[in-house]
2 protein chains.
Amino acid sequence: MKLKDDRKYALIFRAALKLVAKKGLSGITMGDISKEAGIATGTLYVYFSGKDELINALFAACRERSVAVSFKGYNPQQPFKPAFKNVWLNILKYRLQHFEEVIFLEQCYHSPYITAETREKAQQLAAPFYALIARGQAEQLLKNIDSAMLITFIIGAMNELVKQIHYSGIALTRPKINTSFELCWDALKA
Amino acid sequence: MKLKDDRKYALIFRAALKLVAKKGLSGITMGDISKEAGIATGTLYVYFSGKDELINALFAACRERSVAVSFKGYNPQQPFKPAFKNVWLNILKYRLQHFEEVIFLEQCYHSPYITAETREKAQQLAAPFYALIARGQAEQLLKNIDSAMLITFIIGAMNELVKQIHYSGIALTRPKINTSFELCWDALKA
DNA sequence: AATATAAGCGAATAATTATTCACTAAAAAG
DNA sequence: CTTTTTAGTGAATAATTATTCGCTTATATT
């Protein structure tokens, strides 16, 4: 194992996410995390200066991954609606597969753990989404409303959808996915 | 002051809500709450057996108030769309005016503080919403999708809308409210 | 008014939890 | 192979925080 192993960061993150999803941000201790990760408590302090840094780092990592995956396969040549649907599907799939991250991010939203700096950086990651919405509006396909409002609408509905699916345990079939997308699209379309 | 004063419960709840909205559920202590409420820490234990009970009670109270206010002025005689809009507006207004409750409830969603029993009771409060959606579907005005999915969609979008408005600090004008409602309605309508 | 009961207090105590540190094990450098 | 540096350990310590309790003050009861 050379230098601080990337796999160990991943191990710690995975443990923390699992626990937060189960017990909430308020319910986890450094001891819990180390135990879940199968390492000694002291080792956490080799990788992070403390609990605050650990959580901020995890928050930043989740946000980055979430955005990175959203635009996979995005092609500006493609007509808007299918291109948008592609992004929407990327987000939906990712969030369903990484449900713990959804919970974690939600819990962080009003947590004192997350510093203003971390928040600021996370905010900047949203730029591509604004660009996408702007394109749809320029092509007169989307309602001409404050784009922040449209985005929060999309994301809010999506998050609840993800939660609903996750907890209901109902399998998400192709037709159901399409129906859900149309629900969203009907709201946004001009 | 006779018996345990209702006003004192309200005082404690208000203090707790304010703090949770500012610092998150993970960031508050019994000491913080008592200080914010202007009472001694020990007094909290006159009203609640401990932190768990306090938070469960607050959760239950928020849920109840939130539902109670939603159907104010609801009249089954009224045509569906305006009746639905009335409910939608009730919820929007209440959540904007009691933003701390929105945050608190969100934070509680995955918190170990909230017991299964409390959760169960909260769930039952949603019955009137299901009935309302069912009516809209029976009148063929709403999409014929799993009503749980429609409700989570409405609530998810509404919550993010409330957050967006709250943080952007933008005044919510009549036309903006109407536009937002149409956004929601367009999504739901058959 | 005298007594009993309940509310309120906050310093002291008990738990819990973050963090440190002296030490061991492993890896890299020479 | 020896030395140096880095990773890992977990019991011990330091902070933090929930909860208790002996006491005071207020309210109700007789």
Side-chain angles (χ1 to χ4, degrees), chain A residues 1-59 61 104 107-108 110-115 118, chain B residues 1-59 61 104 107-108 110-115 118:
Chain A
M1 226 181 280
K2 52 185 155 84
L3 282 171
K4 288 188 215 164
D5 195 333
D6 269 4
R7 279 171 304 173
K8 193 139 281 183
Y9 279 104
L11 197 72
I12 294 169
F13 282 166
R14 220 175 308 132
L17 281 172
K18 184 174 171 188
L19 290 173
V20 172
K22 207 193 305 180
K23 316 171 86 183
L25 197 49
S26 54
I28 55 163
T29 68
M30 293 299 264
D32 290 340
I33 296 172
S34 65
K35 206 172 130 197
E36 175 71 35
I39 61 179
T41 310
T43 306
L44 289 177
Y45 290 85
V46 173
Y47 287 83
F48 302 98
S49 71
K51 196 180 181 183
D52 286 25
E53 193 181 284
L54 192 162
I55 290 178
N56 274 273
L58 179 54
F59 179 81
F104 173 73
Q107 294 267 320
C108 284
H110 289 86
S111 161
Y113 285 122
I114 308 302
T115 65
T118 303
Chain B
M1 225 180 282
K2 51 182 154 82
L3 282 172
K4 287 188 218 166
D5 194 334
D6 269 3
R7 279 171 305 172
K8 193 138 283 183
Y9 280 103
L11 197 71
I12 294 169
F13 282 166
R14 221 175 308 131
L17 281 173
K18 184 173 170 187
L19 290 172
V20 172
K22 206 193 306 182
K23 314 171 87 181
L25 197 50
S26 54
I28 56 163
T29 69
M30 294 298 264
D32 290 340
I33 296 172
S34 66
K35 206 173 127 196
E36 175 72 34
I39 61 179
T41 309
T43 306
L44 288 177
Y45 290 84
V46 173
Y47 288 82
F48 303 98
S49 70
K51 194 178 181 183
D52 286 25
E53 193 181 283
L54 191 161
I55 290 178
N56 273 272
L58 179 53
F59 179 82
F104 173 73
Q107 294 266 320
C108 284
H110 289 86
S111 162
Y113 285 121
I114 308 303
T115 66
T118 304

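Letters go in sequence order (proteins before strands), and every chain restarts at 1.
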Going through the distances and angles, do B:Lys8 and B:Val46 end up as a side-chain contact (heavy atoms from CB on, under 4.5 Å)?
CA-CA 11 Å; B:Lys8 193 138 283 183; B:Val46 173; over 6 Å; no
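- Remark: B:Thr43 pairs with no residue by the side chain to side chain donor-acceptor pair (under 3.5 Å) rule, at least two apart or across chains.
- Regarding A:Ile33, its CD1 atom lies at a distance of 17 Å from the C1' atom of D:dG10, rounded to whole Å.
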Give the dot-bracket string for DNA chain D, reading 5' to 3', where a pair is Watson-Crick or G-U wobble with both distances under 3.5 Å, ( ) marks pairs inside the strand, [ ] marks pairs crossing earlier ones, | marks a partner on another strand, and . marks unpaired.
||||||||||||||||||||||||||||||
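- Annotation: salt bridge (Lys or Arg N to Asp or Glu O under 4.0 Å) contacts involving residues 22-43 of chain A, sequence neighbours excluded, comprise A:Lys18-A:Glu36, A:Lys23-A:Asp32.
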Base-contact (B) and sugar-phosphate-only (S) positions in nucleotides 15-23 of chain D, heavy-atom cut-off under 4.0 Å, - elsewhere
--SSBB---
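- In terms of the side chain to side chain donor-acceptor pair (under 3.5 Å) criterion, A:Ser26 has no residue partners (sequence neighbours excluded).
- Residues satisfying the side chain to side chain contact (heavy atoms under 4.5 Å, CB included) test with B:Thr118, not counting sequence neighbours, are B:Asn56, B:Phe59, B:Ile114, B:Thr115.
- Here A:Thr43 reaches the OP1 or OP2 of D:dT9: one of its side-chain N or O atoms lies under 4.0 Å away.
- If you take CD1 of B:Ile39 and P of D:dT25, they are 19 Å apart, rounded to a whole angstrom.
- Atom C1' of nucleotide C:dT20 and atom CD of A:Glu53 are separated by 16 Å, given to the nearest angstrom.
- Rounded to a whole Å, the OH atom of B:Tyr47 is 13 Å from the P atom of C:dA6.
- Contacts of B:Phe13 classified as ring-ring contact (aromatic ring centres under 6.0 Å, His included), with partners at least two apart in sequence or in another chain: B:Phe48.
- If you check every strand for non-hydrogen atoms under 4.0 Å, A:Leu44 touches nothing.
- In this structure, the NZ atom of A:Lys35 is 14 Å from the C1' atom of D:dG10, given to the nearest Å.
- Counting only residues at least two apart or in different chains, salt bridge (Lys or Arg N to Asp or Glu O under 4.0 Å) contacts with residues 37-49 of chain A are absent.
- Residues that satisfy the side chain to side chain donor-acceptor pair (under 3.5 Å) test with A:Tyr113, not counting sequence neighbours, are A:Lys51.
- Put simply, CG on B:Asp6 is 15 Å from C1' on C:dA7, counting in whole angstrom units.
- Annotation for B:Leu25 and B:Gln107: closest pair N-OE1, 3.1 Å, computed over non-hydrogen atoms.
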